[in-house]
Amino acid sequence: MASGDDSPIFDDDESPLYNLEKMADLVAVWDVALSDGVHKIEFEHGTTSGKRVVYVDGKEEIRKEWMFKLVGKETFCVGAAKTKATINIDAVSGFAYEYTLEIDGKSLKKYMENRSKTTNTWVLHLDGQDLRVVLEKDTMDVWCNGQKLETAGEFVDDGTETHFSVGNHECYIKAVSSGKRREGIIHTLIVDNREIPELPQ
């Protein structure tokens, strides 16, 4: 591109008109952390046309051009595990609307609180890239940057170890009883014999 050329740059299928229209009707954006990564959900609601468009990670999932009913709900799936998500559209007053997101039938806040009890998340930098490792405590599944990993469980003197590898790095999650009923089991991620601090939920 010539340095003197200051014409706007658009994605192949994005005309400037489309961008402006999208910006005007975008009413809500949520970031939802699931085991396979953080997903961005965007919702457009045309309060004159009743248009409803749902994007997940920038990809259009639902498009309804003309809806006479301005309130209601839209249900779709998010992520590798096809987690059910619902956007509720409620009239607050006059022409004001409230948009709430439910994940698996729970409000986003409740869902995230519950996830912090059922998962552990670690973020680390390895071989020049950022990695997000998630342990699902109920299934002992381990995810790394959206991929479910092959793991091998092993009993050790003070608990269990779930072994897996990332690139050429040996990793394991150690599960040890805290000795306290309220705390339950403590999970620690070890990469190349180094403990990785957990991401606060």
Side-chain angles (χ1 to χ4, degrees), residues 28-42 54-59 61 73-88 100-201:
V29 178
W30 296 275
D31 286 322
V32 181
L34 300 178
S35 295
D36 66 333
V38 179
H39 298 280
K40 187 188 215 76
I41 297 173
E42 297 171 285
V54 176
Y55 297 93
V56 177
D57 300 327
K59 188 173 154 288
E61 290 293 319
K73 54 178 58 179
E74 293 299 336
T75 299
F76 51 97
C77 293
V78 181
K82 299 272 180 248
T83 305
K84 187 177 146 203
T86 303
I87 295 172
N88 296 302
T100 52
L101 179 66
E102 287 179 4
I103 304 288
D104 259 353
K106 299 181 188 75
S107 73
L108 183 59
K109 183 174 185 286
K110 267 264 179 292
Y111 179 80
M112 295 322 285
E113 282 169 6
N114 190 46
R115 260 193 83 69
S116 69
K117 294 183 190 120
T118 60
T119 61
N120 290 74
T121 303
W122 296 270
V123 172
L124 62 149
H125 197 74
L126 264 191
D127 300 333
Q129 63 171 332
D130 290 321
L131 302 177
R132 182 174 178 272
V133 175
V134 177
L135 167 71
E136 293 181 355
K137 292 188 229 179
D138 50 353
T139 59
M140 292 308 283
D141 286 341
V142 177
W143 294 75
C144 179
N145 285 10
Q147 301 294 316
K148 196 160 132 184
L149 302 178
E150 288 289 322
T151 60
E154 182 182 315
F155 287 99
V156 291
D157 288 346
D158 50 356
T160 62
E161 291 177 359
T162 303
H163 290 259
F164 56 96
S165 54
V166 175
N168 52 9
H169 298 272
E170 288 303 311
C171 314
Y172 65 93
I173 295 171
K174 192 171 175 79
V176 180
S177 171
S178 63
K180 301 184 187 96
R181 249 183 63 190
R182 286 185 64 95
E183 278 179 44
I185 294 172
I186 297 168
H187 295 88
T188 310
L189 174 63
I190 312 288
V191 177
D192 298 335
N193 297 317
R194 191 168 56 94
E195 187 175 320
I196 307 296
E198 190 180 348
L199 191 70
Q201 297 275 351

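What you are looking at is a predicted structure, and each value in this text was computed from that prediction instead of being measured.
By the salt bridge (charged side-chain N to carboxylate O under 4.0 Å, His left out) test, D57 is found to be paired with no residue, residues two or more places apart in sequence or in another chain being considered. Listed by chain and number, the residues in a side chain to side chain contact (heavy atoms under 4.5 Å, CB included) with L149 are V142, C144, F164, V166 (sequence neighbours excluded). Legend: residues meeting side chain to side chain contact (heavy atoms under 4.5 Å, CB included) with E102, ordered by chain and number and at least two apart, are T86, N88. Not counting sequence neighbours, K84 has no partner by the salt bridge (charged side-chain N to carboxylate O under 4.0 Å, His left out) test. Take S178 and apply the side chain to side chain donor-acceptor pair (under 3.5 Å) test, not counting sequence neighbours, and it matches no residue. For H163, the ring pair (Phe, Tyr, Trp, His ring centres under 6.0 Å) test picks out Y172, with sequence neighbours left out. Residues satisfying the side chain to side chain donor-acceptor pair (under 3.5 Å) test with E170, not counting sequence neighbours, are none. Residues meeting the salt bridge (charged side-chain N to carboxylate O under 4.0 Å, His left out) test with K109, sequence neighbours left out: E113. Partners of K180 according to the side chain to side chain donor-acceptor pair (under 3.5 Å) rule, which considers only residues two or more places apart in sequence or in another chain, do not exist here. Under the side chain to side chain contact (heavy atoms under 4.5 Å, CB included) criterion, S177 pairs with no residue, sequence neighbours left out. By the side chain to side chain contact (heavy atoms under 4.5 Å, CB included) test, A81 pairs with T83, sequence neighbours left out.
Nearest heavy atoms, K174 versus V156: NZ-CG2, 3.8 Å. The shortest heavy-atom contact between A33 and R115 is O-NE, 3.2 Å. Looking at every heavy atom in both residues, S35 comes nearest to E136 through OG-OE2, 2.5 Å. Across E198 and T119, no two heavy atoms sit closer than the pair OE2-O, 4.5 Å. When every heavy atom of V191 is checked against every heavy atom of L126, the shortest pair comes out as CG1-CD1, 4.1 Å. Looking at every heavy atom in both residues, A85 comes nearest to L101 through CB-CD1, 4.3 Å.
Side-chain atoms of D127 and H169, non-hydrogen and from C-beta on, do get closer than 4.5 Å to each other. Residues L135 and K137 form a side-chain contact, since some pair of their non-hydrogen atoms from C-beta on lies under 4.5 Å apart. Residues L124 and V133 form a side-chain contact, since some pair of their non-hydrogen atoms from C-beta on lies under 4.5 Å apart.
By the 6.0 Å contact criterion, NZ on K148 is open, its count of non-hydrogen atoms from other residues, nucleotides or ligands being 12 or less. Remark: E154 CD is packed, more than 12 non-hydrogen atoms of other residues, nucleotides or ligands lying under 6.0 Å away. Counting heavy atoms of neighbouring residues, nucleotides and ligands inside a 6.0 Å radius, atom CG of D158 exceeds 12 of them.
Within the structure, the ring-ring contact (aromatic ring centres under 6.0 Å, His included) test picks out no pair touching residues 115-143 (sequence neighbours left out).
Going from atom CG of D104 over to atom CG of N114 covers 9.5 Å, rounded to the nearest 0.5 Å. In this structure, the separation between CG on L108 and CD1 on I87 is 11.0 Å, given to the nearest 0.5 Å. For the atom pair I190 CD1 and T162 OG1, the distance stands at 12.0 Å (nearest 0.5 Å).
Not one N or O on the side chain of N120 forms a donor-acceptor pair closer than 3.5 Å with the backbone of I186.
Here the rule is side-chain contact (heavy atoms from CB on, under 4.5 Å) with H39, and of I103, L34, D31 only L34 fits it.
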